[in-house]
Amino acid sequence: MVHFVGAGSGAPDLITLRGDALLRRADVVIWAGSLVNPRLLEVCRDDCEIFDSATMTLEEVLDRMRAAEERGLEVVRLHTGDPCMYGAIQEQMDALDKMGIAYDVVPGVSSFCGAAAALRTELTAPGISQTVTLTRLAGRTPMPEGEDMAALASRGGTMVIFLSAGHLDRLQEELLAAGRDADEPAAIVYKATWPDEKVMRCTVGTLAQTGADNAVRSTALVVVGRVLAGDVPRSCLYDPSFETAFRPAHQGRG
Ligand code: SAH
């Protein structure tokens with residue numbers, strides 16, 4: 001059995017209880033050493049076999065999984081954040097299906113949630129943004145048609161941009177070309193929830209300069225949107241005049 005486990009965004013106590021329990025009893029752990037906090041491995045058994053997938057190909061990862069399955073061992077495949085975002089787990093699951101090896105997926109705290117926490121910002125705010133676009137710039141992986149930055153950024157709303165910290169000048173250019181205002185609030189969050197976390201607030205027009213000034217090249221997210229300005233209108237949900245299934249309406253605002 002293979003368990004794909006989300007390690008969370010960095011801090012070792014942000015893994016789920018379920019993920020932690022699986023790590024503690026795993027016979028084999030294949031972990032994404034380039035991004036997962038090594039402190040998470042401290043709970044592994046002394047005789048647990050640990051492999052760093054940063055140095056492995058997909059074939060090598062699958063070979064390890066197959067060998068473990070043949071020996072009746074339990075494998076944890078530890079991915080950074082939540083495995084559903086840029087985790088490359090689909091290709092592993094498809095291969096396990098073909099090999100007839102059972103697996104499940106344990107979610108984790110994605111770095112975009114870690115970044116929102118670091119910023120102390122709600123990514124959705126009434127009247128300002130009710131949509132969050134999670135995306136990236138094209139890199140070696142091209143963007144499918146209609147998903148280029150120009151198309152996505154021109155729709156408005158909050159954006160969280162992964163895997164693009166090395167190309168902040170291009171990102172800034174594409175956001176401006178898509179019609180985002182140079183003065184619109186933005187932020188770069190480096191290593192959210194790690195001990196060396198760094199939050200850099202800026203604007204769309206100063207993204208590249210801010211990144212350069214702080215030597216940001218990787219392990220960072222870019223957040224763009226008016227929600228970052230704070231001081232948002234209050235929600236209907238907790239308005240006294242708003243009735244919900246759990247609370248009758250009160251007269252006037254409290
Ligand atoms: N599955 C992961 C994303 C993997 S892609 C998740 O859910 O977070 C790797 C990219 O995620 C990095 O290039 C960076 O953009 C972002 N990232 C991962 N961890 C991060 C962190 N702690 N702080 C900021 N960005 C992070």
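Order of listing sets the numbers, starting from 1, for every ligand and every atom in it. Note that this is a predicted model, so its numbers are computed, not measured.
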Item to complete: Taking only Lys NZ, Arg NE, NH1 and NH2, and the carboxylate oxygens of Asp or Glu, determine whether R24 and D20 approach each other closer than 4.0 Å.
Response: yes

Discussion item. To the nearest 0.5 Å, what is the distance between CG on L123 and SG on C113?
Written reply: 7.5 Å

Practice prompt. Identify, with sequence neighbours excluded, every residue that meets salt bridge (Lys or Arg N to Asp or Glu O under 4.0 Å) alongside E49.
Written response: R71

Worksheet entry | Side-chain cluster (under 4.5 Å, hydrophobic types only) that I89 belongs to, other residues | V2, F4, V28, I30, F51, M56, L58, V61, L62, M65, L73, V75, M93, L96, M99, I101, Y103, V105

Worksheet item: Atom CZ of R140 and atom CG of L163: how far apart are they, to the nearest 0.5 Å?
Response: 10.5 Å

Practice prompt. Not counting sequence neighbours, which residues clear salt bridge (Lys or Arg N to Asp or Glu O under 4.0 Å) with E184? List them please.
Written response: R180

Fill in: Neighbour list for ligand 1 [protein residues, heavy atom under 4.0 Å]
S9, L35, T80, G81, D82, M85, Y86, S110, S111, F162, L163, V189, K191, A192, W194, T219, A220, L221

